[in-house]
Amino acid sequence: MLVWQILIDGFAISALYALGATGFTLIFGVSGVLNLSHGAIMVASAVAAWAIAGSLHAGAYASALGGMAVGVVLAFATYFIAVRPIQRSRRIAEAEKEIFILTTTLLWGIILQEAVAYFFTSNAKTVLPIVEGVVRVLGVRTPSNEFFTALICWVAIGLLWLLVNKTRHGKEVLAASMNPRGVTLLGIELSRIHIAVWLVYGVLASLAGVLLGMFLGVSSYSVGPLTASAFSIVVLGGLGSVSGSLVAAYVVGYLETLTAYLISPAYRTIPALLLLVVVMYLRPQGLFGRR
Amino acid sequence: MSKELPGLFTVSALACAALFAAPQASAAGAPIKIGVIAEAQAVAGSSIGPAAQLAADEINAKGGIDGRKVEIVVYDDHSSAAEAVRAFQRAVTEDKVNAVIASYVSEVVLALEPWAARLKTVMITPGAASDVITQNIAKDYERNKYTFHGYLTSSALAGLVCDAAKDLLVGPYKMKSAVIVSEDAAWTTPLDAAYEKCLPAVGLKVLDHIRFSPDTTDFTPIFSKVEGLKPDVMITGISHVGTQPTVQWKSQQVPIPMFGISSQATNSNFWKDTNGATDGVLFNAVSGPGVAVTPRTLPFVEAYQKRYGNQPAYSGYTAYDEVYMIAEAVQRAGSTDSDKLVSAMEKTDHIGTIGHIAFLPKGDPHVHGLKTGAGFITGLMLQWQDGKQLNMWPKPLANGTMKFPAFIKLSAR
């Protein structure tokens, strides 16, 4: 009974982690940007969905889509305000740009977090669930929403895979992540690819945020832990490796769930962080890293 | 990490502060300044400043206290003890306030208590609950006498919850067992200790006692553990968390009722925050909408609603009363001198929004805490039903009957 419960709960939470981390790793793979405002974009999308439902009396679908729209806008804002000006700057040395982008995205994330707290309080918000009720699976009473969350996450990840591997634009993105200079020599505009990637990232991150808001709820305090968990999943899986991130998401998700059930919910995140430290020692490029 | 953002009132109040620089002056015309240090970004703390301002405006509209206006200076502490201490220092040394109303967070008030002593400034909390606040005063009265506890102590709260549980759960539903579920915080340590003592006394066997981190986001493992113990009821002690456990309780259809302290549930927005998941949750409060605890309760709620568009959280009621208590104490003392103000505050005999308010005298282990029981503060037990907070207990003030959502399985229905 407990075994099934851990398997089911762990699967749902891991799927959510996987979705959140996929966008994060995609951005890094293509443009080398570690976006530390990731958690803030997720939270802002969920809070926006909550606010749209509350103030405009929108239904569950409309508010979820509205929240995602806000998330996509914020992802673009992140790119145009915090990332692109630095990438294009002539006054910042090329070698220092990465650390500058880390700093600006971190600050941008804090700005978003404080804005959410200021306008909507720091108390937790939950997004209207699209699916309500519970189902009994293997003797475990599970909210239908949990299966819905896992399903949507995997559909989104599957669509991303098709996009990247089967369409021309997707292949350009893949090529850009392997050899940006080669792509430009083929006459493809790199900045256009960057914008496309940020769009995809915005959709994935805001979808993950809205689903998390439906599943567990979010508050402005979730910003830091969400960025940290995406960061550690991506580092664990290997920076830039999407399949590595998926595996790492499941490792982290199940490790956390096991800890929460078998030891104490208070120590939930600790074993996963310890594992990260160990992996850093033994295999610094991450489980599936190429570089 | 976060910078201090001045609250709405702070800006105007600071401007006024520049005009009235005379400290401690009882000269006619100089305003009585009350600092309000609160958590503007937390549901339970966000009513404190607005409610205090409302009380001050009412007093001023009637001509003030002996011709002196009451002025509120608001500081946002972002739920941080360090920021609250800085705000307290600024309030006393720069803004020259005469008294301070501070916070719903016990950790914050415990951090401010030594500063009230050092800076010899009367401080009263509208919402913190830890018993340690009054225990500190009892331990060293001369030093800590500047602190007043304007809300119920945790052990008093536990006592009220147990009394209500006896009348509402043990009597009609023949409930026999309970699991205590509370967040790990300063205020719940004495609360849980008192629960463990008083629940068996009213006929509820305590099967287990689960304390969880206030950072918890996924409550599934906690609810699954509670359910495995098969209790008749969960007795709660939550304040920093609220939305997430409530929403997950509903979405996971945990078949055990929640009963106890849930501070966020006292706020009228809680229904909206939880998308209605709070339906059926029972929670202790000192006042409730539509419940005329005293003749002052409903006019306050109405005025608050009219001015701010929502209803106050529990700490709003107490903050409103406390402005009146301080103003009356200044009037009795005929001065804003802190020591004279302390003796005048000790003589408080005020009919407030939450009941008849008087402080426990020197010598009591909870000196400067509120007197509770018949004739003083009795508390209520409210339940969320269809978007409304209805009162279930005590009987004479009840305006509804208990109803649970369909997923709750009551042991003896």
Side-chain angles (χ1 to χ4, degrees), chain A residues 1-2 5-6 8-9 12-13 50-51 53-55 60 110 113-114 116-129 131-134 140-146 212-222 224-226 256-269, chain B residues 1-3 5 7 39-47 76 78-79 183-184 210-225 227-228 239-255 263-264 267 269-278 313 406-407:
Chain A
M1 167 89 186
L2 186 65
Q5 181 136 33
I6 291 172
I8 293 172
D9 280 348
I13 199 87
W50 169 85
S55 50
I110 293 170
Q113 174 182 15
E114 290 293 319
V116 167
Y118 187 77
F119 290 109
F120 302 102
T121 79
S122 54
N123 282 86
K125 314 278 180 243
T126 48
V127 180
L128 272 182
V131 193
E132 283 194 271
V134 290
V140 183
R141 198 187 59 241
T142 314
S144 318
N145 187 33
E146 217 170 301
L212 181 67
M214 279 179 202
F215 180 26
L216 298 176
V218 296
S219 74
S220 64
Y221 293 125
S222 322
L226 283 174
E256 284 189 9
T257 313
L258 275 172
T259 315
Y261 276 97
L262 301 181
I263 304 171
S264 159
Y267 305 132
R268 192 179 175 105
T269 54
Chain B
M1 191 156 83
S2 48
K3 275 256 175 214
L5 291 166
E39 296 71 26
Q41 301 177 345
V43 163
S46 59
S47 305
D76 184 357
H78 295 91
S79 304
E183 63 191 19
D184 199 351
I210 299 172
R211 279 172 82 76
F212 60 84
S213 156
D215 298 332
T216 307
T217 50
D218 183 1
F219 289 82
T220 320
I222 294 163
F223 287 139
S224 135
K225 188 173 174 198
E227 217 182 322
S239 176
H240 297 271
V241 301
T243 312
Q244 286 172 317
T246 308
V247 167
Q248 292 175 32
W249 172 74
K250 157 96 188 296
S251 74
Q252 291 162 26
Q253 307 206 342
V254 183
S263 306
Q264 294 186 18
N267 193 291
N269 288 331
F270 197 63
W271 183 271
K272 206 178 96 189
D273 286 353
T274 59
N275 299 317
T278 187
F407 63 85

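Chain identifiers are assigned alphabetically (A, B, ...) following the order of the sequence lines, protein sequences preceding nucleic acid strands; residue numbering begins at 1 within each chain.
Between chain B and the residues A:T126, A:T121, A:T257, A:T142, the most heavy-atom pairs under 4.5 angstrom are made by A:T126. Of all the listed residues (A:K125, A:R268, A:E146), the one sharing the greatest number of non-hydrogen pairs under 4.5 Å with chain B is A:R268. Heavy-atom pairs under 4.5 Å with chain A were tallied for B:I222, B:D215, B:V241, B:D218; the largest tally goes to B:D218. Ranked by non-hydrogen atom pairs under 4.5 Å with chain B, the options A:S122, A:G133, A:A266 are led by A:S122. Ranking B:I210, B:T216, B:T220 against chain A, the residue ahead of the rest is B:T220, based on heavy-atom pairs under 4.5 Å. Between chain B and the residues A:G54, A:A260, A:A117, the largest count of heavy-atom pairs under 4.5 Å involves A:A117.
Between the side chains of B:Q41 and B:S79, no donor N or O sits under 3.5 Å from an acceptor N or O.
Contacts of A:V140 with chain B are absent, with no heavy-atom separation under 4.5 Å from either backbone or side chain. Residue B:K250 touches chain A through its side chain alone, counting heavy-atom pairs closer than 4.5 Å. Heavy-atom distances place no part of B:E39 under 4.5 Å from chain A, backbone and side chain included. If you measure heavy-atom distances from A:F215 to chain B, the contacts under 4.5 Å come from the backbone alone. The contact between B:V254 and chain A is made by backbone and side chain atoms together, counting heavy-atom distances below 4.5 Å. For chain A, the nearby part of B:T274 is the backbone; its heavy atoms alone come within less than 4.5 Å. Only the side chain of B:Q248 has a heavy atom closer than 4.5 Å to any heavy atom of chain A. Residue contact with chain B, scored on non-hydrogen atoms closer than 4.5 Å, involves the side chain of A:Q5 exclusively.
Panel note: side chain A:N123, backbone B:V43; a donor-acceptor pair is recorded below 3.5 Å. Without hydrogens or angle criteria, B:E183 side chain to B:F212 main chain gives no donor-acceptor distance under 3.5 Å. In this structure, the side chain of A:Q113 engages the main chain of A:S220 through a donor-acceptor pair within 3.5 Å. Under a 3.5 Å cut-off, the side chain of B:S263 and the backbone N or O of B:S239 do not form any donor-acceptor pair. A distance-only check finds a donor-acceptor pair linking the side chain of B:Q244 to the backbone of A:G217 [under 3.5 Å].
The CG atom of A:L216 lies 9.5 Å from the CZ atom of B:F219; values are rounded to the nearest 0.5 Å. To the nearest 0.5 Å, atom CG of residue A:L212 and atom OG of residue A:S222 are 7.0 Å apart.
Closest non-hydrogen pair, A:P129 versus A:M214, comes out as CA-CG, 4.1 Å.
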